[in-house]
Amino acid sequence: MTEHKMTFRDIGLNEQILSAVEALGFEHPTPIQEETIPHLLTSNQDIIALAQTGTGKTAAFGLPAIHMTDVDERSPQTLVLCPTRELCMQIAKDMKDYGKFVKGLNIVAVYGGSSIDRQIKALKKGAHIVVGTPGRTKDLIHRKKLKLENVGRVILDEADEMLTMGFKEDLSAILGETPEDKQTLLFSATMSKDITSVTKKYMTDPLRLSVAAINVGAANVEHIYYMVPARDRYQVLRRIADSTPDIYGIVFCRTRRETMEVANKLMQDGYNADAIHGELSQAQRDDVMGKFRKRHIQMLVATDVAARGLDVDDITHVVNYNLPDKAEIYTHRSGRTGRAGKSGISVAIIHTRETRRVRDIERVSGVQFTKALVPTGEEICTNQLYALIDKIVKVKINGPQIEPFLPAIYEQLEGLSREDLIQHFVSAEFNRFLSHYKNARDLNVSGSIRDGKKRDDKIDKRSRSDRRKTPFARLFINVGKKNDLNPGRLIGVINEALDSGNAVIGEIEILKKFSFFEIEEQAAMPLIKALKGQEFEGIPLSVEITAKKKPQRKWEFERKKDFKRKKKGKGRRGESRHRTKKW
Ligand code: AMP
C-alpha cells in the first residue's frame, strides 16, 4: 500500500499561494509545515518549535501568514523577528516568493546597518508583513514609524541566536508593543534556559513541536571545513591538493588580488593551476577556461564574478579559500561540484573567528558542515606514494614509441637490482613531497563551529593574554545607564550594526549618561559608520573613537582595591566595569 502524502492543497491554502508553491517546486509539505500550517490556519494557540534550518520552517510560518493577510488592511499583521540582516533579507525574499501572486501584498524588511529612511518610506506604503532585526525594529517603533496594534502573529525565528546576540531586552520591549491576544511562534535550534524563560514569560500554553531537517541542496555534495590559523590558508590548500593527486577543482577567493597571489604561488610550487578574474581579456579568459576544460589546469583559482559563466562537470573539489561575503554565494560556489549524479566535496578553510559565518551559511543555504582534519605530512606522503604506484601499475605502455630508446636505458640501469630500481624511481618522483613535508606541522586548531556557539559570538572566550594581543580601539557612545543601556544591550547594538557576532569586544564601561567600550580596531570604523543615524531608546547615537585608556596600572590598582573591598564584603564604588568575559 502506498502511503498517502499530504499536499499543500489538502492543508487548505488559497490558490494564489498554491501557485507560488508550485512555481517553487515544493511538492509536499515538510513535517514542520504539515504540523504548523493547519494549526495556524485554525487555532490561536502559541507554538514552540525546535527546528533547525533546512526543515522548511520559513514556509511553515510564511505560507499561513500570507494566507491570513488582509491586503485591504494596510497595517502590519505579521511581525517576524530574526537575529541578522542576512537572515532578515532571506526571510523577506522567501516570503515575497510565496506571496508573489497575492495582489497588493507588501512585505518589508527592516534591519540595522542600512538606511533607516528607505525603510521608513517602505513602511509608509503600508506593510502587511514586517521582517526585522530586533534593534532596528525597536528603533522604528520608537520613532512611531512602525505600529503594531494590528499584529495578529509574531514569529521569533532563531530565537536562541537572538538571545546570545544580546537582543533579550529589545525582544521584551517589542513584544510589549504587540496586542495581548496575538499568536506567538518561537523557532529555535536549541532549547536553552534563556529560551525557556522567554517562552514562560511571553507564551501561554504553547504547542510544542520538534522536527528533523530535510535534505536540501545537492545531496551528493559533502560540506566540510578545516579550522586552521588564518596565516596557514595557503598551506592547507597545498595539503588538499597534495592529498588528492587527481584533484580537479575551483578555488574561490574574495578578491582579484588574492586570486592572482594564490594562483601564482601554486604555479611556483609546481601545481597545474591558473587564475581567472575580471581583469583578464576575453581571449585570456577563453584560454584559461580551455585549459581547465581539457584538464591541463587542475586547480582554477577564481573570483565569484569570473566563475559565473563557468559550466564544467566532474569538478571534484570546490575550495572556499576565503568564505564569501554573502552566505547565499556559498550555495553557488558549492553547486559547481556534485553535478550529473557525481559526488563532490566543498571545503571551507576557516579560522576560529569565522565559525559564526559558517553557521550563517548553514542557516541560509540549508547545508550541514562537518569538521575535517587537515591531513598530516605523513598522510599526504602515503597518499602520494600509493597514487604513484597506482599510476605505474596502470600506465599504458607505448611499446613501439619507446622501443628505440630502451637499449640505452637498459644499459645504464644494468647495475641496479629490482629493489634498487624501485627505490630510484619512487625517490625521483617523490622526493619533492618528502622534503616539503619533513617535520610538517599539524595545522589544525581545536574547536568546532558548534562549540557552545560562544567562541565567536562576541563573548570572547580566549584567554586574557590572547585578548590583550588584539589591537583594540576605544569608543565613546552617548548613551548610558540612564538610557537603560547595559553590557548585554550594547553588545546587541554592536552585533546588529555589524550584522555579525564576530567582532571582538573588550572592556565595556557603562556610565550614567555615556559609555565606553573597546572593539577590535578593524571593526571600529565600520561600526561608527553603521551606527550613524541610528537611535537607541529614542536618542540619536553618536559614537566616536576616544583616546585609549592609558593608566592600565591604575586599573590594575583599582582591581586590587576592589578585590580588597570585596574581601571585606563591600561592593564596588561608582560605575560598574564589565569585562566581556562575563557576557
Ligand atoms: P528553511 O528551513 O525555511 O530555511 O528552508 C530550507 C529550504 O527548504 C529552502 O531552500 C526552501 O526553499 C526549501 N523548502 C521549504 N519547504 C519545502 C518543501 N515543502 N519542499 C521542498 N523544499 C522546501
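Start at 1 with the first residue, then count along the sequence. Counting convention: from 1, in listed order, for ligands and their atoms alike.
Ligand-side atoms of ligand 1 in range of His28: 18 (C), 19 (N), 20 (N), range being under 4.0 angstrom from any heavy atom. Set against the non-hydrogen atoms of Thr58, the atoms of ligand 1 under 4.0 Å away are 1 (P), 3 (O), 4 (O). Atom numbering of ligand 1 starts at 1 in the shown order; those under 4.0 Å from a heavy atom of Phe8 are 19 (N).
In terms of polar-atom proximity, defined here as any N/O pair under 3.5 Å, Lys57 does make such a contact with ligand 1.
Of the possible polar contacts, one joining the Ser43 side chain to the Gln45 backbone as a donor-acceptor pair under 3.5 Å is found. Counting only distance, with no hydrogens or angles, the side chain of Arg153 and the backbone of Thr184 share no donor-acceptor pair below 3.5 Å.
Residue nearest to atom 12 (O) of ligand 1, selected from Phe187, Phe26, Phe61: Phe26 (by heavy-atom distance).
Between the side chains of Ser343 and Asn220, no donor N or O sits under 3.5 Å from an acceptor N or O.
Sorted by first and then second residue, the pairs that involve residues 152-202 and meet ring-ring contact (aromatic ring centres under 6.0 Å, His included), not counting sequence neighbours, are Phe61-Phe187.
The part of Gln33 lying near ligand 1 is the side chain, judged by heavy-atom distances below 4.0 Å.
A salt bridge between Glu161 and Arg359 is present, with a side-chain N of the basic residue lying under 4.0 Å from a carboxylate O of the acidic one.
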